Amino acid sequence: MRCILFEHQYSMKRNLTLLSLFFALTVFGQHKVIFIKDSLTHEAVSFAAIQFVDKQNGIYADENGQALIPDTVQQVFISQIAYHPKKLDLKWVNHDETVILTPAPNILPEVVITNVSSKRKEIGYLQKKGSNGLIAFPNTNFALFIPYDSTWISQPYITSIISYLEDNLIKSEKYPSARCNIRFDLRLPDANGAPSDASLLEKRVINNSTKIYKGKEIVKLHEPVLFPKEGVFVVIDFITPNNPSPRLLISPTLNVSGAFKTSQTWSRTMTNNFEWIKMDKNDPAWQYTITQFYGQNGIMNLRAGLQIAI
């Protein structure tokens with residue numbers, strides 16, 4: 001009896017082991033694993049955006065730089081605002097792949113001054129007139145250009161980034177909502193007037209998804225940055241790790257205003273090959289939204305700006 005029981009138990013354990021192995025192999029076979037690392041330090045690149053080129057949706061890597069890519073995806077476009085983007089062909093990747101990203105250049109002042117003037121001023125597109133909430137989708141970046149003011153007597157320092165954000169969780173089966181991390185950066189304009197790959201920050205600022213947003217958000221920089229005479233872009237990146245739904249609604253909502261005559265806001269999304277495009281009526285992705293809220297001659301800009309020391 002004891003032998004029969006032992007054989008029965010052994011048989012059950014063996015079957016369970018085989019079943020677990022079969023399940024693991026099945027799950028593993030449904031995905032490819034990529035590990036994203038820094039080309040200089042070989043450390044993990046956290047929260048990189050991974051666009052599924054042939055599927056028109058995507059995910060984010062986790063904080064360890066790891067992401068699971070469905071086997072049906074043949075090609076991905078990987079980007080992170082601190083690095084040069086890279087396109088990766090997955091046709092010949094069987095199980096896992098390490099992807100190396102090259103850091104984008106940091107254009108920093110030669111001397112970092114910490115004891116800047118105590119006289120503060122807020123600049124940018126901060127007016128409430130015509131304000132509406134802009135709900136982002138996964139793998140979407142926004143950037144607001146703030147020009148240099150030629151009337152300034154001396155070149156000011158940027159001490160903080162300002163944005164207007166509201167938690168807006170909508171319960172919907174068709175459009176599920178999720179909280180996200182928010183990453184802020186400062187960029188120079190490129191030759192075409194779009195945000196360049198060159199960051200003004202040595203360390204990007206990240207706000208955690210657990211934070212509650214109720215309007216004006218002042219994000220202090222780790223170190224003051226000299227305001228560039230070419231003007232500067234405030235770049236906002238919504239990070240939603242490991243959620244492939246292209247219709248996921250992101251919280252918080254980013255407020256926009258139609259109170260200005262010139263469009264200064266740019267965006268890049270999965271649907272425009274992740275290239276920066278100005279959010280005006282010439283961009284089909286935003287044409288309906290702009291005309292719906294602001295009319296045929298309308299414009300809209302992010303309600304965002306900078307706190308400077310002068």
Side-chain angles (χ1 to χ4, degrees), residues 45-52 55-63 67-69 76-82 85 125 131-144 161-185 187 195 204-219 233-257 265-277 279 283-290 292-293 300-304:
V45 175
S46 302
F47 305 127
I50 303 167
Q51 178 188 353
F52 302 161
K55 301 294 182 183
Q56 292 299 305
N57 62 356
I59 62 172
Y60 279 87
D62 63 18
E63 62 183 353
L68 298 178
I69 310 298
V76 295
F77 184 84
I78 303 171
S79 65
Q80 206 260 38
I81 60 174
Y125 296 84
S131 181
N132 290 282
L134 181 65
I135 300 177
F137 290 106
N139 300 61
T140 301
N141 299 158
F142 296 100
L144 173 71
I161 296 172
I162 302 171
S163 61
Y164 282 80
L165 301 162
E166 298 284 351
D167 274 320
N168 186 27
L169 291 172
I170 302 172
K171 293 183 179 180
S172 169
E173 293 182 0
K174 185 177 181 181
Y175 300 113
S177 300
R179 289 187 182 276
C180 68
N181 293 331
I182 302 174
R183 182 166 41 198
F184 297 92
D185 197 11
R187 298 284 187 88
R204 279 66 176 174
V205 181
I206 295 181
N207 277 12
N208 195 280
S209 61
T210 58
K211 184 170 182 175
I212 303 299
Y213 295 94
K214 295 182 178 180
K216 187 176 181 179
E217 179 76 11
I218 298 179
V219 182
F233 275 98
V234 177
V235 180
I236 301 175
D237 184 18
F238 292 88
I239 306 168
T240 56
N242 299 328
N243 200 317
S245 171
R247 290 296 177 183
L248 182 72
L249 299 182
I250 305 304
S251 184
T253 293
L254 182 60
N255 288 348
V256 296
S257 173
T265 295
W266 298 62
S267 70
R268 61 179 184 179
T269 68
M270 298 178 296
T271 56
N272 60 20
N273 297 320
F274 225 59
E275 295 180 358
W276 288 105
I277 298 177
M279 290 171 58
D283 180 4
W286 299 105
Q287 186 175 32
Y288 174 77
T289 302
I290 293 171
Q292 182 183 32
F293 288 104
M300 66 180 187
N301 287 305
L302 305 187
R303 284 193 66 197

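What you see is a predicted model; the values in this text were computed from it and never measured. Keep in mind that the numbers below use all heavy atoms, side chains included, and drop hydrogens, waters and symmetry copies.
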Donor-acceptor contact below 3.5 Å, side chain [X] vs main chain [Y]:
X	Y	value
Thr265	Leu302	yes
Asn255	Leu165	no
Gln51	Phe77	no

Worksheet item: With Tyr125, which residues qualify under ring-ring contact (aromatic ring centres under 6.0 Å, His included), at least two apart?
Response: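 Tyr125: ring-ring contact (aromatic ring centres under 6.0 Å, His included) contacts with Phe260.
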
Identify the two heavy atoms, one from [X] and one from [Y], that lie closest to each other, and give their separation to 0.1 Å.
X	Y	result
Phe238	Cys180	CD2-SG, 3.5 Å
Pro252	Ile182	CG-CD1, 3.5 Å
Phe47	Tyr60	O-CD2, 3.4 Å
Ala61	Ile50	N-CD1, 4.0 Å

With a 4.5 Å cut-off on side-chain heavy atoms, are [Y] and [X] touching?
X	Y	result
Asn141	Ile236	no
Val76	Phe52	yes
Ile212	Arg179	yes
Met300	Thr289	yes

For a side-chain contact (heavy atoms from CB on, under 4.5 Å) check, start with the C-alpha distance between Trp266 and Phe142, then their side-chain angles and the critical distance, and finish with the verdict. CA-CA 6 Å; Trp266 298 62; Phe142 296 100; over 6 Å; no

(request) Output the distance between atom CD1 (Ile239) and atom CD1 (Ile250), rounded to the nearest 0.5 Å. (result)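 Separation between the atoms: 11.0 Å.
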
Quiz item: Could you state the interatomic distance from CG (Leu144) to CE (Met279), rounded to the nearest 0.5 Å?
Solution: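 Interatomic distance, Leu144 CG to Met279 CE, rounded to 0.5 Å: 10.0 Å.
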
- Please determine if Asp185 and Arg183 form a salt bridge, counting it only when a charged side-chain N lies under 4.0 Å from a carboxylate O.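 Salt bridge between Asp185 and Arg183, a charged N being under 4.0 Å from a carboxylate O: no.
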
Just by distance, with hydrogens left out, do Asn207 and Glu217 show a side-chain donor and acceptor under 3.5 Å apart?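 Yes, because at least one side-chain N or O of Asn207 sits under 3.5 Å from a partner of the opposite role on Glu217.
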
What I want to check is whether the side chains of Ser267 and Trp286 have a donor and an acceptor closer together than 3.5 Å.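 Yes, side-chain donor-acceptor contact under 3.5 Å.
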
*Report the residue from Leu254, Thr253, Asp167 that forms a side chain to side chain contact (heavy atoms under 4.5 Å, CB included) with Tyr213.*
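Single side chain to side chain contact (heavy atoms under 4.5 Å, CB included) partner of Tyr213 among Leu254, Thr253, Asp167: Asp167.
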
* Quick one: side-chain contact (heavy atoms from CB on, under 4.5 Å) partners of Ser257, sequence neighbours excluded? ->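 With sequence neighbours excluded, Ser257 shows a side-chain contact (heavy atoms from CB on, under 4.5 Å) to Ala259, Arg303, given in chain and number order.
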
(request) Could you tell me which residues satisfy side-chain contact (heavy atoms from CB on, under 4.5 Å) with Ile162, sequence neighbours excluded, listed by chain and number? (result)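 Residues passing side-chain contact (heavy atoms from CB on, under 4.5 Å) with Ile162: Glu122, Leu126, Tyr164, Lys216, Ile218, Gln307.
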
